[in-house]
Number of protein chains: 2
Amino acid sequence: MTTTEEPAASRPKAPTLRDVARLAGVSVATASKALNGRANVHPDTRRRVVEAAERIQFTPNSLAQAILAGQTGTVGLLTNDLEGRFSLPILMGAEDAFGAGQMSIFLCDARDDAIREQYHLRALLGRRVDGLIVVGSNTDPRPSLGRDLPVPVVYAYAPSQDERDCSVIPDNVNAGVLAVEHLVATGRRRIAHISGDVHYSAAQDRALGAATALAAAGLEPLGPVRYGSWTEAWGRAATHRVLDETPDVDALLCASDQIARGALDTLRDRGVHVPEQVAVMGFDNWETMTAGARPQLTSIDMNFEMLGRRAAQRLVEAIGGEAAHGVETMPVRIQVRGSTIPDT
Amino acid sequence: MTTTEEPAASRPKAPTLRDVARLAGVSVATASKALNGRANVHPDTRRRVVEAAERIQFTPNSLAQAILAGQTGTVGLLTNDLEGRFSLPILMGAEDAFGAGQMSIFLCDARDDAIREQYHLRALLGRRVDGLIVVGSNTDPRPSLGRDLPVPVVYAYAPSQDERDCSVIPDNVNAGVLAVEHLVATGRRRIAHISGDVHYSAAQDRALGAATALAAAGLEPLGPVRYGSWTEAWGRAATHRVLDETPDVDALLCASDQIARGALDTLRDRGVHVPEQVAVMGFDNWETMTAGARPQLTSIDMNFEMLGRRAAQRLVEAIGGEAAHGVETMPVRIQVRGSTIPDT
DNA sequence: AAACCTTCCGAAACCCTTTTCGGGACGCTA
DNA sequence: TAGCGTCCCGAAAAGGGTTTCGGAAGGTTT
């Protein structure tokens, strides 16, 4: 029994640069230079080293590289969005923005729990992430992580309450404007607004934008903004009320796709034709909701991928030393479908 | 102006153990022992060190610890599920299973692209993850990552094609059984099955389970299994066909919640009462779909959190040297709502 | 007072990679 | 043949935390 005998169950350790050097018959220094394309290595030597590295499937240990460089090439994504409706597109946008993938992403779900968030924060800082992206579960401003962190932080979707932090959020006000402009452009004049939970800034902002655009078009809102919850059930109930109180409504602006789905259901039940008699719009352009609707749902797309890319971009800048700050709003866009324009 | 003044632009570097030792007036070795609760440190000395560490918010550098220990305390989650319907619950289950969070998770989305997957795999191995969880976009068996990796791999949701790998998947066959048993228990006898894409093993397995349970109950299937796509539109269209061909149907077993939503819409349009005349069931128990349905949708829950926990558990075992392998199916459960049982 | 033990602290090695610097080998020129 | 320049390669240090081992200081015993 020699000391090189390994128990059968043991997994082969990942090969190190030392192993490559030994196999190629050179020093570790030369092996490093050969693999990294540095000068002063004879072509034959380089070839030997590269072949040795491939043979044993050598992968440089990023940890050791990071400890030298002071940069780990990792980013922490701290989310409170359990469903991933916001954080996943943002994750993808970030993956794209960081480029040919030098950056790996730690995803932590704090589940709207401050304790858990602090806990994950400690873990991420211990792993020496180069930066943090914090994604909220809604667009309401959230407490700052603090300003004495050793790494830059970018807040996405939910801005930080601290103006000196860097936040990137969708432009909910303009979302309301775009929606009303579209409805007006299609000839609607009597537009009711069914919103979600009144305490959400997203509801307030969208309503503000809608009111502004209505005024600009010289129109009066049809009844009050009807706040409720972000559910299909509320969309159904509110639509009944709108039809009862203002039967001459010709458009329903719903503050989420789910509410809009509920509105469509009620309209169908009551024999109201969409979009001929009443147009319906949603917000978020959530494909799951819009694709199955009858007719398919026109919606405002919040551009989450772009939001993620921009957040990642700002983070890279901050890591590079450019201290951006303040709240940056990202443009939204409208996706027109059959619920506002008759299918051709 | 004191020396503690920092230039505004420069970010304070993360403090090291060396900084703590200097502040406490001891060596780095003593500081390490004091913070880690080792013996042979005088209580007064320990207290001084701990206070110094807290004062400068010292966080041990996990990279340095990892390079020593040969374990990084990180796991790679390689997913192809763009929406995160499977991978996010699995992520959460894994977070829970790894316990008080010694483990951090790299999330990479390969977007069903083998090149991108290989690329992320290299990056993860370079970062010396202790293990990998691979999540598929559907339950069809997928190619193995290979058996010569330096870390253990657990396949979740989609099993590996290689039997020697370790896979954890939901029990789709039993899901079909449970669904039919529930419908039979509520007095249904003429049960039609509307499924999704015929090429998906999930569709086949659920249909197999349903057929088995029907036979066990001494019932004949009502017409053929109607394969189509996993969409509401298909659910609507297929329901029309079922009603036209077999008007005496008393239950629609739909292979996804989306299909079931479509079925409910068509039944409502044609004045068929649910659940009195026809019961409707879905699969996946996707809250987004089930909650807004009228009536709320009975569905088979695939227990993704449990799946994730089990996968993480198997991975921990494998990291510890216990070589589990083979395909492990996880139990599913039924969530009964108003679409099969009248609301009380 | 000398020898011994306990208690506590610090120097140094270790992990893996990169980079700098010094030196050996070789060819060319005077 | 001596000297110089060029081309390669290897030794060594750096980076941060943990651990082992040696040793210093102080107290106790004979």
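A, B, ... follow the sequence lines: proteins, then strands. Residue 1 opens every chain. Just so it is clear, the structure is predicted and the values come from calculations on it, not from any experiment.
When the salt bridge (charged side-chain N to carboxylate O under 4.0 Å, His left out) test is applied to Glu317(A), the partners found at least two apart in sequence or on another chain are Arg314(A).
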Tabulate atom names and distances for all N/O pairs under 3.5 angstrom spanning the protein and nucleotides 10-15 of chain D.
unit_1, atom_1, unit_2, atom_2, d
dG10(D), OP2, Ser27(A), N, 2.8
dG10(D), OP2, Ser27(A), OG, 3.3
dG10(D), OP2, Thr30(A), OG1, 3.0
dG10(D), O6, Lys33(A), NZ, 2.6

Shorter than 3.5 Å, N or O on both sides, protein versus nucleotides 25-27 of chain D: list them out with atom names.
none

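With hydrogens and angles left out, the side-chain atoms of Ser201(A) and Asp140(A) include a donor and acceptor closer than 3.5 Å. No hydrogens or angles considered: nothing links the side chains of Thr74(A) and Arg127(A) as a donor-acceptor pair under 3.5 Å. Residues Ser144(A) and Asp162(A) bring no donor and acceptor atom of their side chains to less than 3.5 Å of each other. No donor-acceptor contact under 3.5 angstrom links the side chains of Ser167(B) and Ser160(B), judged on distance only.
Look at Arg116(A) and Glu95(B) and you find no salt bridge, because none of the NZ, NE, NH1 or NH2 atoms lies under 4.0 Å from a carboxylate O.
Annotation: the span from Leu35(B) atom CG to Leu17(B) atom CG amounts to 6.5 Å, rounded to 0.5 Å.
Between Gly136(A) and Asp81(A), the closest heavy-atom pair is O-CB, 4.0 Å. Residues Ala156(A) and Ile90(A) share a closest heavy-atom pair of CB-CD1, 4.2 Å.
A distance-only check finds no donor-acceptor pair linking the side chain of Asp96(A) to the backbone of Gly93(A) [under 3.5 Å].
Rounded to an integer number of Å, the gap from CZ of Arg127(B) to C1' of dC16(C) is 15 Å. Rounded to an integer number of Å, the gap from Gln71(B) CD to dC15(C) P is 16 Å. Rounding to whole angstrom units, CG of residue Leu17(B) and P of dC15(C) are separated by 20 Å.
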Under 3.5 Å, sequence neighbours excluded: what are the donor-acceptor pairs made by side chains of residues 47-58 of chain A?
unit_1, atom_1, unit_2, atom_2, d
Arg48(A), NE, Ala24(A), O, 3.1
Arg48(A), NH2, Ala24(A), O, 3.1
Gln57(A), NE2, Asp148(B), OD2, 3.2

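Annotation: Arg18(B), atom CZ; neighbour count of heavy atoms from other residues, nucleotides and ligands within 6.0 Å does not exceed 12.
A heavy-atom distance below 4.0 Å to DNA chain C is reached by these residues of residues 35-56 of chain A, ordered by number: Asn36(A), Arg38(A).
Over its length, the helix from dA1(C)-dT30(D) to dA30(C)-dT1(D) turns its helix axis by 80°, as judged from the five terminal pairs at each end, rounded to 10°.
For Ser32(A), a side-chain nitrogen or oxygen approaches OP1 or OP2 of dT18(C) to under 4.0 Å.
Considering only heavy atoms from C-beta on, Arg142(A) stays 4.5 Å or farther from Ser137(A) through its side chain.
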